[in-house]
There are 2 protein chains.
Amino acid sequence: MNEKSQQLTNRIAVLRAERKMTQKDLAEKAGVSRQTILSLENKKYSPSLVLAFKIAKVLDVAITQVFQYKEESK
Amino acid sequence: MNEKSQQLTNRIAVLRAERKMTQKDLAEKAGVSRQTILSLENKKYSPSLVLAFKIAKVLDVAITQVFQYKEESK
DNA sequence: CATTAATGTAATGAAAACTTTACTTTGTGT
DNA sequence: ACACAAAGTAAAGTTTTCATTACATTAATG
């Protein structure tokens, strides 16, 4: 809906499903609320760098494997 | 001083100096205020993932080259 | 079909990021 | 020493992340 949400995409749901983890599982392991994971997957607000690192760590991949950034053409 | 500030470190100042850029230069190219760059370099608060990507882009290195995350031993 | 797990929606509030402005200190060069 | 650029300090205000709680909907399974 807004422009900002489209410059950052993530594959959290996919990677999570591959590992057969629920949102709750991932949230607990990352030390955040389930709402936070859900919001990232769906509403896709931009997480903090620390949270991004934590999620990548739990999913056992590089941060860039989870999050892709496309700068917009101004 | 607080625990959180120590789990995330960055090499912004070093990389910036190598490229002979001022804080103002980097701020403008990244599209943020100079205060934000200064705060990241010194007070080291944790940036958003998008900002981290922008800074890495301007410095022309991978995000992990700029920011290092060390999880703490609970 | 009934039960439970998983996901989604929504609202409120706290905390942190980031902006803006203004001023001070430190460096650098002439 | 002077001037100017760069870096630092500080404070107030806005925006966004993230937590918390509660409830609704959608799988999945017996």
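We name chains A, B, ... by the order of the sequence lines, and we start the count at 1 in each one. Predicted model, so just to flag it, every value in this text is computed and none were measured.
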>> Applying side-chain contact (heavy atoms from CB on, under 4.5 Å) to A:Ile37 and A:Glu41, what does each step give before you reach the verdict?
In response: CA-CA 6 Å; A:Ile37 300 300; A:Glu41 287 187 1; 3.8 Å; yes

>> Rounded to the nearest 0.5 Å, what separates atom CZ in B:Phe67 from atom CG in B:Asn10?
In response: 5.0 Å

>> Without decimals, in angstroms, what is the distance between A:Lys43 NZ and D:dT16 C1'?
In response: 13 Å

> Which whole-number value in Å describes the distance from A:Glu28 CD to D:dT20 P?
Replying inline: 12 Å

>> Among D:dG8, D:dC18, C:dC18, which nucleotide has an atom closest to any side-chain atom of A:Leu51?
In response: D:dC18

> Rounded to whole angstroms, how far apart are NZ on A:Lys20 and C1' on C:dT7?
Replying inline: 18 Å

>> So A:Ser33, base contact, sugar-phosphate only, or nothing? Heavy-atom distance under 4.0 Å.
In response: base

>> According to a hydrophobic-cluster definition based on side-chain heavy atoms being under 4.5 Å apart (Ile, Leu, Val, Met, Phe, Trp, Tyr only), do A:Val61 and A:Leu51 belong together?
In response: yes

> Once you round it to whole Å, what is the distance between P of D:dC18 and CD of A:Glu41?
Replying inline: 14 Å

> When we call it a touch if two heavy atoms are under 4.0 Å apart, what does B:Ser46 touch: a base, just sugar-phosphate, or nothing?
Replying inline: sugar-phosphate

>> How many whole angstroms separate atom CG of B:Leu38 from atom P of C:dT21?
In response: 17 Å

> Should A:Met21 and A:Leu26 be marked as a side-chain contact (heavy atoms from CB on, under 4.5 Å) after you check the CA-CA gap, both sets of side-chain angles, and the distance that decides it?
Replying inline: CA-CA 6 Å; A:Met21 296 175 71; A:Leu26 177 54; 4.1 Å; yes

> Does C:dA5 have OP1 or OP2 sitting under 4.0 Å from an N or O in the side chain of A:Gln23?
Replying inline: no

> Which of the following nucleotides, D:dA6, C:dT7, C:dC18, is nearest to the side chain of B:Thr36?
Replying inline: C:dC18

> Under 4.0 Å between a side-chain N/O of A:Arg16 and OP1 or OP2 of C:dT7, yes or no?
Replying inline: yes

> Which part of the nucleic acid does B:Ser48 contact within heavy-atom distance under 4.0 Å: base, sugar-phosphate only, or nothing?
Replying inline: sugar-phosphate

> Considering only heavy atoms and no angle criterion, is a donor-acceptor pair shorter than 3.5 Å present between the side chain of A:Gln35 and the base of D:dT17?
Replying inline: no

>> From C-beta outward on B:Arg34, which listed nucleotide comes closest to its side chain: D:dC18, D:dA7, C:dC18?
In response: D:dA7

> How many Å lie between CG on A:Leu40 and P on D:dT16, as a whole number?
Replying inline: 16 Å

> Any Lys/Arg nitrogen of B:Arg34 or B:Glu28 sitting under 4.0 Å from an Asp/Glu carboxylate oxygen of the other?
Replying inline: no

> Counting side-chain heavy atoms from CB outward, which of C:dG8, C:dC18, D:dT9 is closest to B:Asn42?
Replying inline: D:dT9

>> How many whole angstroms separate atom CD1 of A:Ile12 from atom C1' of C:dT7?
In response: 15 Å

> What is the distance from CG of B:Asp25 to C1' of D:dA7, rounded to the nearest Å?
Replying inline: 13 Å

